[in-house]
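Scroll down for the structure; my scribbles are underneath it.
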Amino acid sequence: MKGALKTRSEERPQDVQNEKQNFSTVFLLVQLVVVLAAIGGYMLYAKRGHTDLQWWKTSVIYQIYPRSFKDSDGDGIGDLRGIISKLDYFQYLNIKAIWLSPFYTSPMKDFGYDISNHTDVDPIFGTLKDFDDLVKESHSRDIKVIIDFVPNHMSDQHPWFQESLKGTGKYRDYFLWSDGKSSFGMRKPPNNWLGVFSGECWRWNEQRKQYYYHAFVKEQPDLNYRNPDVVKDMNDVLRFWMERGVDGIRVDAIMKLFESENIFQDEPRSNRPDVPAFQYEYLTHIHTENLPEIGDVVRGWKKVMDEYEAKDGQSRFIVVELYDPPAIRNKYYDYGAMPFNFDLVEGLKADCGGNCFMEAISNEYDNLPAGEWPKFVLGNHDRKRVSKRFGVESVNVMNMLLLTLKGTPTTYYGEELGMEEIEVSFEETQDPWGINFGKERYTEFSRDPCRSPLQWDASSQSGFTSSSKPWLPVNPGYKTCNVQVQKKKKDSSLNIYKSLATLREAPAFQDPDVQFAVVNDNILSYVRGTANTGRYLVTMNLGHDSSTADYTNEPANAKSGRVVINTENFNEAKFNVGKSVSLSSLTLKPGQGLVLKL
Ligand code: GLC
Ligand code: MG
């Protein structure tokens, strides 16, 4: 989208909200009716026997980055007790599943993705007892808990690696070790592979007098999955957490799990002219990404989870992280997992409008294996925030898109508020990916800007911590953009998000069909639901010009619709929730979206 790059600050929701503070009881009543109708519809639906939808199909999944969510003990870093203290927030938003990025013991070289003890909680985040309480408290609120499972690598401080350094015993081949090769009498790594964060991925170890392979930072040695003991021990890690009542896993960096058995093979050049020789994208990763051997290991995890499912009948869930197109990612369905679809994050150009979004979405639907369920996401702790990529004015409409499509949506914390990124100087940058690229290019890669503390209220440090120094600075805009302020305003991003999350439970949005309606350079629209479930028209202006269209033809096939959700609530009285709107000539501003009941 073009609108992506300009910020129409005069139209930002907060400012609009300031003008219109008076709460309308009518609105609340209408909302209540909509919610009750949705619940009623769902109960009818369930009664007719459509109860096969697992929880991970119906719920939004909310990603918590524990360092940045809520600090309970005043050290400036979020923790598990902090999360427990905010569980009511998910009930407010009608979110039924949370995914926690790593909270395990870690030297924090990659902020918790370098685990030194898989079966304990880092003291920064709390204790195992805190984790157990978190699960108990979540479940008592009907919220499922998904944890991050990091199988590819671990911290170099982990006892397995420390043992492996000795070069003897059980752990000798737990990692990829190599003497390297000699070239003109000089010792060199065995191949030309590159690290994902760019630069070297083989590191010489003096103690063992060999190189080890690390796909990420040098303190994250890769495990060797060709060793059956590694597979078995990691299955036991999974069991440990299943025993504690975990409902699902998000698998980190799955594509890197295996490397070609013969490590003396270089990877070919990608021939991308814009990429320097040390950058990961300089090579095509035929020996280090998505090798077929991954399948059996994932199937093994699924089997472990099925053991638990058999015990209590509760469906469990594996979602895997990879950024590849359908031809590659869809294989993971066969392995028993659901792949993240990052097409709405990675693939879209800045001037992408309705046509281009439809293409990206169709790419998922048209390629989906029969009977499988899609998984859409708009961002995470590794990518730029929605407000940065598509513009602040597009946050609501992007949430509307994510939550009304067919497929499980994942929301990265803060996107429900339309949080903006922070600016961090190179000197203050903490993320190793950013640091690797130096002062000139760090802003392209650093993940610090999207990891700033969640903005809870207008008090000091946005109510995130009682410390004067949170681990990353709070966004200076927190006084107007925070949970407390947005809760009070009916047309805030937060309350629009809440309405969307609630509406999503209506059977119409679980129906397998998404029927595209008017689609052009600006507009993306579709109809959800059938005569049985009730039908909704969702229309969004994802372009940069106002757009007027006639929606009366198929698939809407209706003269008018009643407004259920409007991303720019109450800007224009004619679009107020509950109003009936003619479909023959409907004008939407850029960044505006409507859900209409047909
Ligand atoms: C995944 C994580 C990322 C981490 C990397 C290494 O891509 O999402 O945050 O740095 O794996 O564990
Ligand atoms: Mg690996």
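Just the heavy atoms: all of them, side chains too, but no hydrogens, waters or symmetry mates, feed the values below. Whatever order the structure lists ligands and atoms in, that order sets their numbers, starting from 1. Each residue takes its place number in the sequence, starting with 1. All values reported here derive from a predicted model rather than from experimental measurement.
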Among non-hydrogen protein atoms, atom 12 (O) of ligand 1 lies closest to H153 NE2, 2.7 Å

protein heavy-atom neighbour closest to atom 5 (C) of ligand 1 works out as F216 CE2, 3.7 Å

Of all heavy-atom pairs linking I286 and E267, the shortest is N-OE2, 3.4 Å

Heavy-atom proximity to atom 11 (O) of ligand 1, picking from N380, V196, D252, points to D252

Ligand 1 to R447, heavy atom cutoff 4.0 Å, flagged ligand atoms 3 (C), 4 (C), 9 (O), 10 (O)

Problem - Min heavy-atom dist R383 to ligand 1 below 4.0 Å - result: no

Taken to the nearest 0.5 Å, the spacing of D75 CG from F125 CZ works out to 9.5 Å

Within 4.0 Å of some non-hydrogen atom of D110, the atoms of ligand 1 are 4 (C), 5 (C), 6 (C), 10 (O), 12 (O)

**Asked** Near K170 NZ, under 6.0 Å, is it more than 12 heavy atoms from other residues, nucleotides or ligands?
**Response** yes

Is there a heavy atom in F197 that sits closer than 4.0 Å to ligand 1? yes

Check your understanding: Are more than 12 heavy atoms from other residues, nucleotides or ligands located less than 6.0 Å from atom CD of Q207?
Key -> yes

| field | Test: K96 cationic atom under 6.0 Å from W55 six-membered ring centre, within 45° of axis | value | no

Does a donor on one side chain sit under 3.5 Å from an acceptor on the other, for E219 and S155? no

re atom 9 (O) of ligand 1, the protein heavy-atom contact at minimum distance is D382 OD1, 2.7 Å

